[in-house]
J.: 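What follows is a structure written as structure tokens; I'll ask about it next.
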Protein chains: 2
Amino acid sequence: VIGEGAHARRSLRDLLELEHVGEHIYRSRYLYDDPYALFGGQYIAQALRAAGLTVASDRSPHSLHAYFLRPGNPAAPIDFEVALDRDGRSFSARRVIARQYEEISFTMSASFAIDQEFPSVQVISMPAVTDPGISEPLVMPRLFSHEGRRVEQTFPHHEIELRFWARCTEDLGTDRLLHACALAYLSDISTGLAALDTLTHQSAASLDHSVWFHQPVVANAWHLVDLTPQVAARGRGWYTGSLFDDEGVLVGSIAQEALYGSYIGPYYRYGP
Amino acid sequence: VIGEGAHARRSLRDLLELEHVGEHIYRSRYLYDDPYALFGGQYIAQALRAAGLTVASDRSPHSLHAYFLRPGNPAAPIDFEVALDRDGRSFSARRVIARQYEEISFTMSASFAIDQEFPSVQVISMPAVTDPGISEPLVMPRLFSHEGRRVEQTFPHHEIELRFWARCTEDLGTDRLLHACALAYLSDISTGLAALDTLTHQSAASLDHSVWFHQPVVANAWHLVDLTPQVAARGRGWYTGSLFDDEGVLVGSIAQEALYGSYIGPYYRYGP
């Protein structure tokens, strides 16, 4: 156990160091005490890293789809077991099961592709926002190794930021997989859900989370996170999101569904 | 083999009849000759049916995430093997592997939930379009047991319909699972990709496909299918879509990613 609470010194690179403990099985020993259930972004980032460790290094993740089945305990090891579904000429398909206490707590499918040069068509545009260099800091306590900047909001009277700049502050080197894992980690910040939350006066826990990587990721560069709550119904909420680089290129897209009515506590505040 | 070509008499109910051939293994024997690879909607609908056959009848699917790993052969049986990841108090999580010739050709994760009464908040609105009762017919040759109606397009000079009414014309009875399977079948119509297609002068094959069911599905009622191409880059395209009932309620959402550059032929035309 490396520390206590949200402000203990932590490293995303350490979090992504998994121990090879069996055939296609990788263990997280990045343990810490925390009053909350394991942050979903950690599950996704570690599972993507585990899957990527079984894939040739010329392939990068282009999409992932995750289900959260049980709350994770941040103070207990997690085993990630990878199924190698297919290695084709240009794509590799993987599925990952995460277990704590020998129970399945999380599953994820992901696909990796060889990079192709190809004409780009981007229909969606980045909204006009203030530059990260001149924006106010945004504190993101659950997201370690990251910094944030505030921008104008789509729902201005809302308590929760739906649009903000974020970047990874830790040097991730040149391994593209680590950069994709960092963006996946960031992508679960869930403020989109928190927004629906406020509308329905309930709090939410993640059910499923998808990320599509449209471009190679440079996690140390600023990304505009732009989240759009879409619907809450039948006890479930759903939002989508876009991740743009500072030139307006759509680097990634996300979609997340959440369960309402289960108290998980405040995990995203701006401050100080 | 029940017939040849797109116009052979076919039944969605027959397609969803799977044979129980082993523990949590279900086989499709709905075989036909067709010049194209198996329609992705069939994979998704049959896999969802297989998963649902292992779930208590008080639970309905609320989301699914599928990967297409190899082109399917419509004239060969498909085995769907279901993993029962979790049966919780109100949710059931499943994963499905589809095999042809003992190779994995398709995988899907899905989650099922007990229906909850809950206040609804719908941020997204249905666009104003002509009523299905007064709209022109739209021919959807690959989608059997369905009819379509044309409406005004978001991209008016486009060859492919991105917005249209559709409904299942076959009586599906009262089993909610069958209705969800029918909507999943419809959801893979892929015109959103065909649109990016035209923009990039390439044709596309599905890579991954997600569906979220926000409300109980009545597949025999009209649904407005509203697809939005978002981006094509690095050889892959991505679009999102909304499925509204005729009162503007968001029943489902979809997101699909496709590979460009592989010829799959025209599979969606309006006519006659």
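Throughout, a chain's letter reflects where its sequence line sits, starting with A, and its residues are numbered from 1.
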J.: Taking only residues two or more places apart in sequence or in another chain, which ones pass side-chain hydrogen bond (donor to acceptor under 3.5 Å, both in side chains) with A:Y67?
T.: B:S63
J.: Identify which part of B:D85 has an atom lying under 4.5 Å from any heavy atom of chain A, answering side chain, backbone, both or neither.
T.: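 Both parts, heavy atoms under 4.5 Å.
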J.: Side chain, backbone, both or neither: which part of A:S111 has an atom under 4.5 Å from a heavy atom of chain B?
T.: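 The answer is both parts of A:S111.
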J.: Run the salt-bridge test on B:R99 and B:D79 with the 4.0 Å N-O cut-off and return the result as yes or no.
T.: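 Salt bridge absent between B:R99 and B:D79.
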J.: Report the relative orientation of the aromatic rings in A:H209 and A:F68; use parallel for angles under 30°, tilted for 30 to 60°, perpendicular for over 60°.
T.: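 The arrangement is tilted - the two ring planes meet at 30° to 60°.
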J.: Could you look at A:L69 and say if it's the side chain, the backbone, both or neither that has a heavy atom under 4.5 Å from chain B?
T.: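 Both backbone and side chain.
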J.: Between chain B and each of A:H65, A:Q122, A:R234, A:Q116, count heavy-atom pairs under 4.5 Å; write down the option with the most.
T.: A:R234
J.: B:A113 versus chain A, heavy atoms under 4.5 Å apart: side chain, backbone, both or neither?
T.: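 For B:A113, side-chain heavy atoms alone lie under 4.5 Å from chain A.
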J.: So, B:R59 and B:D115, do they make that salt bridge, N to O below 4.0 Å?
T.: no
J.: At a heavy-atom separation under 4.5 Å, does B:F213 approach chain A through its side chain, its backbone, both, or neither?
T.: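 For B:F213, the contact with chain A is made by the backbone alone.
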J.: So if I apply the side chain to side chain donor-acceptor pair (under 3.5 Å) rule between B:S92 and each of B:D87, B:D58, B:T54, which one comes out positive?
T.: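 Going through B:D87, B:D58, B:T54 one by one, the side chain to side chain donor-acceptor pair (under 3.5 Å) with B:S92 is satisfied by B:D87 alone.
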J.: Please classify the contact between B:I124 and chain A as side chain, backbone, both or neither, with a heavy-atom cut-off of under 4.5 Å.
T.: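 For B:I124, backbone and side chain are both near chain A.
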J.: Picking from B:A93, B:G88, B:P216, B:A255, which has the most non-hydrogen pairs under 4.5 angstrom with chain A?
T.: B:P216
J.: At a 4.5 Å cut-off on heavy atoms, which part of A:T107 comes close to chain B: side chain, backbone, both, or neither?
T.: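 Side chain only.
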J.: About how many Å separate NE2 of A:H214 and CG of A:L243, when rounded to the nearest 0.5 Å?
T.: 8.5 Å
J.: Got a second to check how far A:I104's CD1 is from A:E81's CD, nearest 0.5 Å?
T.: 9.0 Å
